[in-house]
Each structure stands twice: as structure tokens, then as C-alpha cells.
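As C-alpha cells, the structure follows; a few thoughts come after it.
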Amino acid sequence: MALLLGLLSLILVISKVRDLISQRAELKKLKVREYVKEVFIEYKLVFITLLNFFLYIFLMQYIGFIITTIIFIIVTAIIIGPKKKKDLLVATIVSVVITVSTYIFFQNVLYVRFPSGLFF
């Protein structure tokens, strides 16, 4: 099993090296500003999600774990998921259930304290 995983990893690395070599050839044709713009357009969702994550980490110390996590999960679901009202309701319910159950499990079973903020 480990040999198979190693072989698949090697194939993936070789594939990515080929992609990087071809991208480097294209980069020489493009200007740096155009390349950065192209990368941002291609990975826009990743950058927005990363910004959302860093904002979550920053706000957790002020607002607290429960409220911040619920907001983070809802915003991430809105950014990544489809744009339906029903999905917003499902995301809200799922975020509340996951956050509260995680909080209760860690507080009462593992005795780990989460960051408290203004509200909780």
C-alpha cells in the first residue's frame, strides 16, 4: 500500500514539474503584471477564502469562538457554495450544530477551553 502511495506521489510530482516548466515558458512571454492578474483571476476564490480565514482568526479573540465560528462557516458556505436561499438556511443550521457540538465536546469531554470574547 505504501509503495502504491509513493508511486502515485511521484507521478503527481512529475506532472506538477512539467506544468511548472510549461508555465515558466509562458511567463517569459507575459509581463509580470499580466501574470499576477491572471493568477489572481484563476485563484480568486482561494484568496477570498484565505482572507476570510485570517479574519476569522483575528476576530476570534474579540468576539469569541462560538459567534465567530458560526459566522465563519456561514460566510464560507456563501462564498463557496451555490447561491440559494435554502442553502443559506442549511448552512446556518449546520454551522450552529457543528459549532455548539464542538464546543460542548471540547469543554465537557476533553476539558479544553476555547477563546472567550465579548459574548461567550
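Since this is a predicted model, take the numbers as computed values, not measurements. Only heavy atoms go into these numbers, but all of them, side chains included; no hydrogens, no water, no symmetry mates.
- Between F106 and F114, the ring-plane angle classifies as perpendicular under the 30° and 60° cut-offs.
- Under the 4.5 Å side-chain heavy-atom criterion for ILVMFWY residues, no single connected hydrophobic cluster contains both I66 and Y111.
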Criterion side chain to side chain contact (heavy atoms under 4.5 Å, CB included) on T99 and F65, from CA distance to verdict:
CA-CA 8 Å; T99 304; F65 174 78; 4.0 Å; yes
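- When all heavy atoms are compared, the tightest approach of S95 to I74 is OG-CG1, 3.4 Å.
- Listed by chain and number, the residues in a side chain to side chain contact (heavy atoms under 4.5 Å, CB included) with Q107 are Y103, R113 (sequence neighbours excluded).
- Applying the side chain to side chain contact (heavy atoms under 4.5 Å, CB included) criterion to V94, with sequence neighbours excluded, gives V90, I98.
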Table please: side-chain donor-acceptor pairs of residues 46-53 below 3.5 Å, with sequence neighbours left out.
| from | atom 1 | to | atom 2 | distance (Å) |
| --- | --- | --- | --- | --- |
| T49 | OG1 | L45 | O | 2.8 |
| N52 | ND2 | T76 | OG1 | 2.8 |

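- Residue K44 holds its NZ atom at 11.0 Å from CD1 of I79, rounded to the nearest 0.5 Å.
- Here the side chain of S9 pairs a donor or acceptor atom with the backbone of L5 at under 3.5 angstrom.
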In sequence, state the C-alpha distance, the side-chain angles, and the governing distance for L12 and L8, and then conclude on side chain to side chain contact (heavy atoms under 4.5 Å, CB included).
CA-CA 6 Å; L12 183 62; L8 291 174; over 6 Å; no
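- Linking Ile, Leu, Val, Met, Phe, Trp and Tyr whenever their side-chain heavy atoms come within less than 4.5 Å puts V112 and V100 in one cluster.
- Note that CG of L59 and OG1 of T68 are 6.0 Å apart. Values are rounded to the nearest 0.5 Å.
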